[in-house]
*Asks:* 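I am attaching a structure below and will ask some questions about it afterwards.
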Amino acid sequence: MRKRTRPAVMNGQISQRTFQRLLALPPPLRLRTFSILNRPPPNYAGHVPLTLVERGALALGSAFGSLRNPHRHDLIASLGEATAKPYFISRLRKAMLANPTGRRILRDKPRITSQTMSLEWLRQLPDNTVGRAYAAWLDREGVTPDTRDQVRYIDDPEEAYVMQRYRETHDFTHAITGLPVIIEGELAVKAFEFANTLLPMTALSLVAVVRLKAAERKRFFETYLPWAVSNGLKAEEVVNVYWEEELETDVEVLRARLGIEVPPDLREIRKVLRDKNKADMAARDAKNRLGAGMGV
Amino acid sequence: MAALLPRATKRLRLSPTSGFVCRDCRRSFASSIRHGQQQQPAPSQHVFQSDKTTHFGFETVAEELKASRVRTVFSSVAANYDTMNDLMSLGIHRLWKDHFVRSLNPGIRLTSTNTSSPHNAAGQTILDIAGGTGDIALRLLDHATTINRDTATSVIISDINPEMLAEGRKRFATSHYYSTTTSSPNRRVSFLEANAEDLSAIESNSIDLYTVAFGIRNFTHKQVALQEAFRVLKPGGVFACLEFTPRLSNPIMNGIYKRWSFGAIPLIGQVVAADRESYQYLVESIERFPSQAEFAGMIEEAGFIVPGKERGDGGELEGGWEDLSLGIAAIHKGVKPV
């Protein structure tokens with residue numbers, strides 16, 4: 001005999017049981033209970049709880065702002081935070097929890113700043129180590145680990161840490177793939193990160209391809225995008241690498257373990273092309289001058 | 001690509017089922033944030049000698065620190081100040097400032113009856129407080145020169161913050177009021193870095209018109225600033241203040257206005273100026289400012305005569321100010337008795 005289920009709504013009021021069931025739903029599914037003027041207390045230092053409208057506006061504003069001015073990395077950061085919920089950052093956290101190293105990272109919650117990563121020590125490591133490659137990349141590109149903004153707009157503290165960890169290890173991804181900080185290199189790394197972490201901001205930032213010159217765009221679609229997608233998908237989750245422990249590992253060994261191939265050196269390609277262009281221009285100038293002198 | 005699919009789908013299969021975070025993990029992230037930050041602990045946690053505190057937005061800070069905190073806020077907003085004003089008020093701040101200056105009518109219009117007076121030949125001396133970027137000063141000089149044909153009136157722009165003054169200098173560099181030669185008799189604008197509560201660089205009874213636009217809510221001791229204003233003004237001189245009000249009288253409009261203030265303005269600050277905190281402070285400081293009636297009372301207490309005031313039924317001051325845009329901003333005036 002089928003059990004007769006009581007209707008949830010009787011006389012326009014929900015029963016006590018339904019009410020308890022509603023409360024037991026995970027937070028994203030419950031109705032949002034705060035407004036701009038009644039924000040809940042922060043869950044961690046620097047936390048700013050945003051309503052859905054604010055988050056949407058932040059996402060739109062950050063997207064257009066960072067497209068107009070790609071040097072505003074704080075906008076790319078806030079775009080990431082505004083678009084990471086409801087599904088993607090939770091998925092990334094679950095991916096960390098599914099991996100033993102990821103679980104250790106979530107337990108220890110290490111942070112990467114210029115305090116915790118001593119560049120002097122890294123520089124004197126042997127040449128083929130991850131730490132040396134990281135220090136060399138930082139020096140080559142002229143950046144420091146302190147340029148990363150704090151996560152503010154993600155409500156759950158552990159998910160906020162996952163986002164912060166992703167942000168702080170972004171430079172390591174650059175270091176082991178050798179891609180530079182110019183827009184071309186950043187787009188290649190973002191494409192790789194999208195295939196690897198599925199964060200929406202990484203995919204959205206690929207819109208910046210419109211800012212590339214034609215030759216750069218061609219290079220991107222022919223070489224770097226296929227590299228990024230295939231490597232991002234087949235590699236292990238880069239967010240699960242405990243970088244603080246891998247500083248003295250050989251880079252090749254780490255790359256083999258993760259399943260990442262090195263893409264063609266972008267700075268070299270550009271330098272070769274630039275030198276070739278300069279040589280061509282010089283030759284053309286010389287020919288013109290010669291031609292003018294001879295009355296041709 | 002087919003070989004890559006299993007891993008990709010494995011990634012997608014990880015679906016979040018619960019947002020539960022145990023208390024220890026929650027606590028440890030909070031401490032990892034603190035560890036990651038290399039900032040000093042908030043000044044409000046320090047106990048100073050005097051232990052006197054005041055509000056800094058919704059925060060409570062020691063009185064000694066408020067001025068430097070305000071200075072920091074304005075150093076960071078100085079570069080984008082005018083753009084941000086346009087975005088926050090949707091351009092309406094220009095109308096407010098134009099009306100403010102027009103209603104003051106600076107400059108002496110020489111007519112057949114007053115041409116001979118030596119006072120008028122020297123022009124008015126106007127002091128624009130917290131006038132860093134020079135919005136009001138430029139309008140004052142333009143009005144005096146163009147409408148009253150007074151080329152002698154001069155303005156002293158004073159601000160506590162050197163970056164804001166630098167923006168003001170930039171604005172005036174292209175105008176004909178400020179020439180870069182040191183000994184120019186035509187200089188009609190000068191810059192003074194000072195705290196409005198201590199204008200000892202200015203003599204008593206020397207200023208014809210004292211203006212402060214959108215500055216006084218940042219002062220630590222507003223009554224002290226009002227007393228300094230009283231001191232430097234000549235008898236018969238005018239004190240004029242344009243400032244935001246803490247709430248609108250219409251509750252529905254107030255609801256909309258507050259949601260714009262606390263929601264949109266810090267967001268615009270984040271997107272345009274990369275600085276949510278400063279704009280959060282600005283909207284909180286508006287909230288903390290006394291109401292129009294209270295502020296008019298403070299002006300009277302400093303010794304000014306407040307024009308147009310009446311005592312209402314509840315003994316409160318009424319009519320001693322002018323509301324702008326449904327009460328979002330208000331102009332307060334006071335006259336130093338002769």
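Chain letters run A, B, ... following the sequence lines, proteins first and then strands; every chain starts at 1. It should be emphasised that the depicted structure is a prediction, and the values quoted were computed from it without experimental measurement.
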*Asks:* Work out which heavy atom in B/K66 is nearest to a heavy atom in B/F219; give both atom names and the distance.
*Replies:*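 Distance-wise, the nearest heavy atoms are NZ-O, 3.8 Å.
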*Asks:* Which answer fits A/L58, side chain, backbone, both or neither, if we ask what part of it has an atom under 4.5 Å from a heavy atom of chain B?
*Replies:*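 It is both, since atoms from each part get that close.
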*Asks:* I'd like to know if the side chain of A/D149 pairs up with that of A/H73 as donor and acceptor (distance under 3.5 Å, no hydrogens or angles considered).
*Replies:*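 The answer is no; no qualifying pair exists.
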*Asks:* Is A/F88 in contact with chain B via its backbone, its side chain, both, or neither, using a 4.5 Å heavy-atom distance?
*Replies:*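 Nothing of A/F88, per the 4.5 Å heavy-atom cut-off to chain B.
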*Asks:* Which one of B/R259, B/K258, B/R276, B/Q280 has the most heavy-atom pairs closer than 4.5 Å to chain A?
*Replies:*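 Between B/R259, B/K258, B/R276, B/Q280, the count favours B/R276.
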*Asks:* B/Y281 vs B/R69, test: side-chain contact (heavy atoms from CB on, under 4.5 Å). Steps then yes/no.
*Replies:* CA-CA 10 Å; B/Y281 161 71; B/R69 293 283 298 263; over 6 Å; no
*Asks:* Looking at B/F289, does the NZ or CZ of B/R217 lie under 6.0 angstrom from its six-membered ring centre and within 45 degrees of the ring axis?
*Replies:*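 Here B/R217 fails the 6.0 Å and 45° test against B/F289.
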*Asks:* Tell me, side chain or backbone of A/V48 under 4.5 Å from chain B's heavy atoms, or both, or neither?
*Replies:*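 It is the side chain, since no backbone atom gets that close.
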*Asks:* Side chain to side chain donor-acceptor pair (under 3.5 Å) between B/D323 and B/Q292: does it pass, once the steps are laid out?
*Replies:* CA-CA 9 Å; B/D323 275 347; B/Q292 289 95 310; 2.8 Å; yes
*Asks:* Looking at A/R72, A/R39, A/R152, which makes the most heavy-atom pairs under 4.5 Å with chain B?
*Replies:*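 Top option by heavy-atom pairs under 4.5 Å: A/R72.
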